[in-house]
Asker: 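Take a look at this one; I'll ask things after.
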Amino acid sequence: MRVLLTGSAGFIGTAIGRRLEERGDEIVRVDVMLDNAHGEAEPPEGTHRLDVRDAAEWTDLLRGVDVVCHQAALVGAGVTVSDLPLYAGHNDLGTAALLASMHEAGVDRLVLASSMVVYGEGRYACPEHGVQTPPPRSREALDGGDFENHCATCGRPLTWETVDEDARLEPRSTYAASKLAQEHYSAAWVRQADAAAVALRYHNVYGPGMPRDTPYSGVAAMFRSSLERGEAPKVFEDGGQMRDFVHVDDVARANVAAVDAVAGAGGGHWAAYNVCSGEPVPILDVARLVARGTAARTGDAIEPEVTGGYRLGDVRHVVASPERARSGLGFSAQVRPEDGLAEFATAPLRA
C-alpha cells in the first residue's frame with residue numbers, strides 16, 4: 001500500500017512510518033519541520049519539506065496514494081491567546097487544504113490524528129443523582145483547593161466514568177478547538193466526496209523520541225526533565241487528576257489498523273476511536289512511576305511535589321473507553337502504563 005504520511009518527522013509520525021515500513025508499505029513522507037517541534041534539525045532523508053497549508057501546490061505528490069495518514073499539527077494546549085491564529089492555520093486550514101488537494105488527486109481515504117481533548121471534561125456521575133455535565137471549574141474553587149466537580153443537586157464530588165466515542169464534544173483549549181474542527185472538516189469531506197475517514201482520538205501519548213523542554217512537551221517528559229535536573233517533579237492540583245497514558249508504539253499500531261480499516265471501507269464511512277491504554281492513572285502516580293525509573297538508573301529517589309497550582313482550562317478527569325477500538329479496529333494496547341512510564345525515564349528523547 002502507498003501511504004502519504006504528514007508530520008512524518010514528528011514524535012508520533014516517526015513511529016507510524018517505521019511500523020508501516022516494517023510491514024512493507026511504501027511511505028511518502030511530508031513534514032514542514034516547525035521550529036517549535038524540531039528546532040534547527042534537518043528533515044530525515046526522504047522527507048518532503050512541505051506545508052499542508054500549501055497542499056494545493058503539491059497535488060502531484062498525492063497521485064497514486066492509497067491512504068493519507070494525517071499527523072501534522074501544532075500540538076499543546078495553546079500557550080497564550082496569541083497562539084490562536086497559529087492553531088487555526090496549521091491545524092484547521094492545513095487540514096482543509098489537504099482534503100481539497102486529496103480530492104483533486106483522486107485520493108479518498110484518510111486516517112486523521114485527533115485527540116481526547118475534544119471531549120473537554122470526561123464523564124461524571126453522582127451516586128444519587130446520576131450522570132451530570134459539570135461546567136468549567138471556577139477560579140475561586142481552584143484557588144481554594146477544591147479541584148473536583150460537584151453534583152448540581154447535592155453538592156457532593158462527582159465520580160468519574162469512562163468516556164466513549166459518543167460522548168459530548170466540548171473543547172476547552174485552543175488546541176482542542178482546532179482538533180474538533182479537523183474532525184468536522186474530515187466528516188464533511190467524507191459526505192461531499194463519498195470518501196472514507198477514521199479519526200483516532202489519542203489520549204496522553206508518551207515514549208521514546210518524545211520532545212523535551214518545550215511548551216508543547218507532554219507532562220511525562222516535563223516530569224522526567226525535572227528529575228534529570230535533580231528537582232522534584234511538580235504536580236498540579238492535588239495529583240488526583242485521572243488520565244490514560246498510551247505508549248507511542250501502541251499509537252503506531254492503532255494507526256496501522258486504521259489504515260487497513262479505512263482502505264477497505266465503503267464511501268461515506270466516518271468513524272472515531274479512542275486510542276488509549278485502558279488503564280487510567282492519577283497524575284501523581286505518573287510522576288512517581290517516572291521517578292521510579294529514574295531512581296533505578298541513578299539510585300537517587302526523588303518524591304514528586306504536589307503544588308496545588310492549576311491551569312485554567314484544564315479538565316479534572318478524562319478517561320477513555322477502549323471498547324470501540326477493540327471491536328472496530330481490532331486494536332488493544334500492549335504496553336501497560338506501570339511498565340512503560342518507568343521505562344520512559346531512561347528512553348531517548350529528542351532535543
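The figures here come from the full heavy-atom set of this structure, side chains too, leaving out hydrogens, waters and symmetry mates. Here, residue 1 is the first one in the sequence, and each next residue gets the next number. This is a predicted model, so every value here is computed, not measured.
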Asker: So which atom in I302 and which in A291 form the shortest heavy-atom distance, rounded to 0.1 Å?
Answerer: O-CB, 3.5 Å
Asker: Does any N or O in the side chain of S277 come within less than 3.5 Å of the main-chain N or O of V246, such that one atom is a donor and the other an acceptor?
Answerer: no
Asker: Can you find a pair of side-chain heavy atoms, one from M222 and one from P233, that are under 4.5 Å apart?
Answerer: no
Asker: Would you call R18 and E21 a salt bridge, using N to O less than 4.0 angstrom?
Answerer: no
Asker: Centres of the Y206 and H247 rings: under 6.0 Å?
Answerer: yes
Asker: Would S114 and E183 count as a side-chain hydrogen bond (donor to acceptor under 3.5 Å, both in side chains) here? Give the steps.
Answerer: CA-CA 7 Å; S114 188; E183 288 197 13; 2.6 Å; yes
Asker: Which atom pair, heavy atoms only, marks the closest approach of P135 to R172?
Answerer: C-NH2, 4.0 Å
Asker: To the nearest 0.5 Å, how far apart are CG in D60 and OG in S101?
Answerer: 9.0 Å
Asker: State, yes or no, whether a side-chain contact exists between Y202 and I12 at a heavy-atom distance under 4.5 Å.
Answerer: yes
Asker: How close do G266 and A196 get, counting heavy atoms only, and between which atoms?
Answerer: O-CB, 3.7 Å
Asker: What's the separation between atom CD in E148 and atom CD in Q241, rounded to the nearest 0.5 Å?
Answerer: 9.0 Å
Asker: Can you name the closest pair of heavy atoms from D92 and S178 and give their distance?
Answerer: OD1-O, 2.8 Å
Asker: Are D31 and R29 close enough for a salt bridge, meaning some N to O gap below 4.0 Å?
Answerer: no
Asker: Starting from L93, can I reach L86 by hopping between I/L/V/M/F/W/Y residues whose side chains sit under 4.5 Å apart?
Answerer: no
Asker: Could you state the interatomic distance from CG (N255) to SG (C69), rounded to the nearest 0.5 Å?
Answerer: 4.0 Å
Asker: What's the spacing between E323 CD and T162 OG1 if we round to 0.5 Å?
Answerer: 8.0 Å
Asker: How far does CD of E26 sit from CG of L20, to the nearest 0.5 angstrom?
Answerer: 11.5 Å
Asker: Can you list the other members of the hydrophobic cluster that holds W58, where links are side-chain heavy atoms under 4.5 angstrom apart?
Answerer: L4, V28, V30, L50, V52, L61, L62, V65, V68, L98, L99, M102, V107, L110, L112, Y185, W189, V190, W270
Asker: Measure from NZ or CZ of R224 to the centre of the six-membered ring of F344 and say whether it is under 6.0 Å with the direction within 45° of the ring axis.
Answerer: yes
Asker: I'd like to know if D166 and R324 make a salt bridge, using a cut-off of under 4.0 Å between side-chain N and carboxylate O.
Answerer: yes
Asker: Are the side chains of P304 and F223 in contact, using a 4.5 Å heavy-atom criterion?
Answerer: no
Asker: For residues Y310 and V219: do they belong to one hydrophobic cluster (side chain heavy atoms under 4.5 Å, members Ile, Leu, Val, Met, Phe, Trp, Tyr)?
Answerer: no
Asker: Between CD of E42 and OG1 of T47, what distance do you get to the nearest 0.5 Å?
Answerer: 10.5 Å
Asker: Kindly give the heavy-atom pair with the smallest separation between P211 and R350, and that separation in Å.
Answerer: CA-CG, 3.4 Å
Asker: Are M242 and V290 grouped together when hydrophobic residues (ILVMFWY) are joined by side-chain heavy atoms under 4.5 angstrom apart?
Answerer: no
Asker: Quick one, I283 with F236, criterion side-chain contact (heavy atoms from CB on, under 4.5 Å). Give me CA distance, side-chain angles, the key distance, then yes/no.
Answerer: CA-CA 9 Å; I283 290 294; F236 280 4; over 6 Å; no
Asker: Using a strict threshold of under 4.0 Å (side-chain N to carboxylate O), is an ion pair present between R292 and E338?
Answerer: no
Asker: Show the nearest heavy-atom pair for residues V163 and R123, with the distance to one decimal.
Answerer: CG2-N, 3.4 Å
Asker: Run R168 and E121 through side-chain contact (heavy atoms from CB on, under 4.5 Å) and show every step you take.
Answerer: CA-CA 9 Å; R168 76 190 188 285; E121 283 282 4; 3.7 Å; yes
Asker: Would V256 and V205 show up in the same hydrophobic cluster when neighbours are defined by side-chain heavy atoms closer than 4.5 Å?
Answerer: yes
Asker: Just wondering, do L142 and F147 contact through their side chains at under 4.5 Å, heavy atoms?
Answerer: yes
Asker: Please lay out, stage by stage, how L34 and H90 fare under the test side-chain contact (heavy atoms from CB on, under 4.5 Å).
Answerer: CA-CA 10 Å; L34 288 174; H90 285 285; 3.4 Å; yes
Asker: Can you classify the ring geometry of H317 versus W160 as parallel (below 30°), tilted (30 to 60°) or perpendicular (above 60°)?
Answerer: tilted
Asker: Is L169 close to R201 at the side-chain level, that is, under 4.5 Å between some pair of heavy atoms?
Answerer: yes
Asker: Could you tell me whether a side-chain N or O of R109 sits under 3.5 Å from a main-chain N or O of A265, the two making a donor and an acceptor?
Answerer: yes
Asker: Keeping the roles fixed (side chain from N91, backbone from K179), state whether a donor-acceptor pair exists under 3.5 Å.
Answerer: no
Asker: Taking 4.0 angstrom as the limit, do E279 and R336 come out as a salt bridge?
Answerer: yes
Asker: Run I16 and V3 through side-chain contact (heavy atoms from CB on, under 4.5 Å) and show every step you take.
Answerer: CA-CA 11 Å; I16 294 169; V3 180; over 6 Å; no
Asker: Is there a side-chain contact between V259 and R23 (heavy atoms, below 4.5 Å)?
Answerer: yes
Asker: Within the side chain of T6, is there an N or O that forms a donor-acceptor pair under 3.5 Å with the backbone of Q71?
Answerer: yes
Asker: Taking side chain as C-beta onward, heavy atoms only, is Y119 less than 4.5 Å from E165?
Answerer: yes
Asker: So for atom NE2, which belongs to H269, do other residues, nucleotides or ligands contribute more than 12 heavy atoms lying within a distance under 6.0 Å?
Answerer: yes
Asker: Any sub-3.5 Å donor-acceptor pair from D244's side-chain atoms to V319's backbone N or O?
Answerer: no
Asker: Looking at Q132 and A152, would you say the former's side chain and the latter's main chain have a donor-acceptor pair under 3.5 Å?
Answerer: yes
Asker: Give a yes or no on whether the backbone of S321 and the side-chain of N274 come within a donor-acceptor separation of less than 3.5 Å.
Answerer: yes
Asker: Within the structure provided, determine whether V318 and R243 are in side-chain contact (heavy-atom separation under 4.5 Å).
Answerer: yes
Asker: Do E303 and R288 sit within salt-bridge range, that is, some charged N less than 4.0 Å from a carboxylate O?
Answerer: yes
